[in-house]
Amino acid sequence: MQTEEKQAVLDLVAEAHSRVEQAYLENLAAKGTPAYTQKRRLLLADLSLHLVQAALKGDELSIKHLQRSLFSVLTISDEFMPEAGLKETAQRLASV
């Protein structure tokens, strides 16, 4: 991917991140309510956009940024798929 293309994608991701983050902050749902699930989905989207940024920013992949992003995505994803053991995978990743 050329530098210009990469920057174009990162610009789109930054815009999406801003919108998702704003929607997350505006969602005042309390834990245990149906709206709370939507809030957690927004958080997952936000964290996933951080993962895209980690993968594309700079000339070299920041392993620490990638590790933090994956840990966060796995931790929140565990709430939606507890049978998959993603939280345990996230903990193993954190100890690497």
Side-chain angles (χ1 to χ4, degrees):
M1 180 178 273
Q2 300 294 325
T3 303
E4 298 81 22
E5 293 171 312
K6 191 186 291 190
Q7 189 56 54
V9 170
L10 286 169
D11 291 344
L12 290 170
V13 168
E15 174 66 24
H17 179 257
S18 177
R19 290 178 184 216
V20 168
E21 190 173 69
Q22 187 61 40
Y24 176 81
L25 293 172
E26 290 172 359
N27 185 325
L28 303 177
K31 190 172 185 174
T33 65
Y36 187 74
T37 299
Q38 178 61 25
K39 183 173 184 146
R40 299 306 278 178
R41 288 176 63 184
L42 288 168
L43 180 59
L44 180 58
D46 176 74
L47 295 169
S48 298
L49 291 166
H50 283 285
L51 182 57
V52 173
Q53 290 170 326
L56 294 180
K57 270 191 178 174
D59 293 331
E60 303 244 348
L61 182 62
S62 168
I63 300 303
K64 276 299 196 194
H65 191 180
L66 178 61
Q67 185 179 25
R68 285 192 306 270
S69 295
L70 284 171
F71 174 85
S72 299
V73 167
L74 289 169
T75 299
I76 298 301
S77 295
D78 185 71
E79 295 176 19
F80 297 100
M81 302 171 45
E83 67 284 351
L86 298 175
K87 192 170 193 170
E88 292 79 13
T89 302
Q91 291 300 327
R92 283 195 309 276
L93 180 65
S95 66
V96 173

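Because only heavy atoms are used, hydrogens play no part in the values below, and waters and symmetry mates are left out as well, while side chains stay in. Note that the structure is predicted; figures quoted are calculated from it, not measured.
With hydrogens and angles disregarded, a donor-acceptor distance shorter than 3.5 Å links the side chain of Ser72 to the backbone of Arg68.
Applying the side chain to side chain donor-acceptor pair (under 3.5 Å) criterion to Thr89, with sequence neighbours excluded, gives Arg92. Taking the side-chain contact (heavy atoms from CB on, under 4.5 Å) definition, one finds that Lys31 meets it with Tyr36, sequence neighbours left out. In this view, Ala90 and Phe71, Leu74, Thr75 satisfy the side-chain contact (heavy atoms from CB on, under 4.5 Å) rule, not counting sequence neighbours. Residues satisfying the side-chain contact (heavy atoms from CB on, under 4.5 Å) test with Glu4, not counting sequence neighbours, are Gln2.
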Check residues 43-61 and write down every donor-acceptor pair under 3.5 Å in which the side-chain atom is one partner and the other belongs to a residue at least two apart or another chain.
| from | atom 1 | to | atom 2 | distance (Å) |
| --- | --- | --- | --- | --- |
| Asp46 | OD1 | His17 | NE2 | 2.7 |
| Ser48 | OG | Leu44 | O | 2.8 |
| His50 | NE2 | His17 | NE2 | 3.1 |

side-chain contact (heavy atoms from CB on, under 4.5 Å) between Thr37 and Phe80, worked out: CA-CA 9 Å; Thr37 299; Phe80 297 100; 3.9 Å; yes
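Placement of Met1 and Leu10 within a single hydrophobic cluster is found when ILVMFWY residues are connected by side-chain heavy-atom separations under 4.5 Å, directly or transitively. Leu66 and Val96 are members of different hydrophobic clusters when ILVMFWY side chains are connected at heavy-atom separations under 4.5 Å.
Pairs engaging residues 73-83 under the salt bridge (charged side-chain N to carboxylate O under 4.0 Å, His left out) rule: Arg40-Glu79 [sequence neighbours left out]. Legend: salt bridge (charged side-chain N to carboxylate O under 4.0 Å, His left out) pairs involving residues 7-26, not counting sequence neighbours, sorted by first then second residue: Glu15-Arg19.
Rounding to the nearest 0.5 Å places NZ of Lys87 at 12.5 Å from OG of Ser77.
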